[in-house]
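Worksheet: the structure to be examined is printed underneath.
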Amino acid sequence: KDKQWDKAIDLFQKAVKADPKEANNYNNLGLAYKGAGKTDEAIKAFGNAIEAEPNGANGYVNRAVVYTSEKKYDKAIEDLDRAIKLKPDSIAAYRFRAFAYLQMKDYKKAIEDYNVVLKEKDNDDAILDRRAFAYWNLKEYDKAIDDFSKIIKDKPNDKEAYLDRSYVYELKGDYAKGIADCDKVLSLDPGNQDAQNRKARLEYQEKKANSTPTPVPTARPRRTLPPD
């Protein structure tokens, strides 16, 4: 917990030697290796945890998290499929599998998994944000707007949520509501360049509905970083 990884690794290595059949020792060793940035060693340790406890989900989830951090999404999904089969109520497994699907642009499957997570925690703003991102890529704009609106209700001063919702309003052609969201951002942050640029674009589009549509933006950092 204090992030003294080298000491943790040394002690968990001793624990493994003392009790090589205990899966938790390997899982803890893997977590220490992961914290130290030694991903190959972490993957090996989690593999040992799986061998020690083939019917346990933790080893699969932990190894999948490392695969996710290395952008090996196919391998991560394979491990998470196994984890969910062994432990269908593992919210962590659904959360990370949804993220892997999101990065692979399999938005429908990502939404399915995020729906499971949100049944357990319906006010998780990070998950709502990522599900909204998936919805807008599927052109299900009203559902994306609903998710961003839930975030805004929970965090009335969340500039990112207003900016994202204004973009979805733009895609939908509801320029007046998009402008209103930009105005809200500018009331919170008068120098916000994104809000200024988007408001100018929305005002132009409001007057000329046949203007060239803007391309879908790339994912923002919060959607490309794995969940905690």
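For this chain, numbers begin at 1 and follow the sequence in order. Everything quoted here is computed from the prediction, not taken from an experiment.
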With sequence neighbours excluded, tell me which residues meet side chain to side chain contact (heavy atoms under 4.5 Å, CB included) with [X].
X    : value
L11  : none
K155 : D125, D158
A200 : none
K143 : Y135, E140

Supply the atom-to-atom distance [X] [atom1] to [Y] [atom2], rounded to the nearest 0.5 angstrom.
X    : Y    : atom1 : atom2 : result
L80  : Y73  : CG    : OH    : 12.5 Å
N197 : L163 : CG    : CG    : 10.5 Å
K199 : L202 : NZ    : CG    : 10.0 Å

Non-hydrogen side-chain atoms of [X] and [Y] separated by less than 4.5 Å:
X    : Y    : result
L29  : F46  : no
R201 : R198 : yes
E170 : Y141 : no
R165 : Y167 : no
D164 : W136 : yes
E41  : I9   : no

* Take R95 and D124 through the salt bridge (charged side-chain N to carboxylate O under 4.0 Å, His left out) test and state the conclusion after the steps. => CA-CA 11 Å; R95 191 183 186 104; D124 190 319; 2.9 Å; yes
So, using salt bridge (charged side-chain N to carboxylate O under 4.0 Å, His left out) as the criterion, who are the partners of [X] when residues are at least two apart?
X    : result
K87  : none
K139 : none
K177 : D174
K14  : D10

[X] side chain vs [Y] backbone, donor-acceptor pair below 3.5 Å:
X    : Y    : answer
Q196 : C182 : no
Q103 : R223 : yes
Y26  : P20  : yes
W5   : G35  : yes

* Under the side chain to side chain donor-acceptor pair (under 3.5 Å) rule, what pairs show up with a residue in residues 56-70, not counting sequence neighbours? -> N27-N62, T39-E70, R63-D79, E70-K72
* **Partners meeting side chain to side chain donor-acceptor pair (under 3.5 Å) with N24 (sequence neighbours left out)** => E22
* Residues that D2 engages under side chain to side chain donor-acceptor pair (under 3.5 Å), provided they are two or more places apart -> Q4
* Kindly work out whether a path of hydrophobic side-chain contacts (I/L/V/M/F/W/Y, heavy atoms less than 4.5 Å apart) joins Y169 to F133. => yes
* E112/K108 salt bridge by N-O under 4.0 Å criterion -> no
If you compare all heavy atoms of [X] against all heavy atoms of [Y], which two are closest, and at what distance to 0.1 Å?
X    : Y    : answer
V61  : A93  : CG2-CB, 4.1 Å
P54  : L86  : O-CD1, 3.8 Å
S166 : G178 : CB-O, 3.4 Å

Please output the side-chain donor-acceptor pairs of residues 114-122 that fall under 3.5 Å, not counting sequence neighbours, one pair per line with the distance.
unit_1: N115; atom_1: OD1; unit_2: R131; atom_2: NH1; d: 2.8
unit_1: N115; atom_1: ND2; unit_2: I111; atom_2: O; d: 3.4

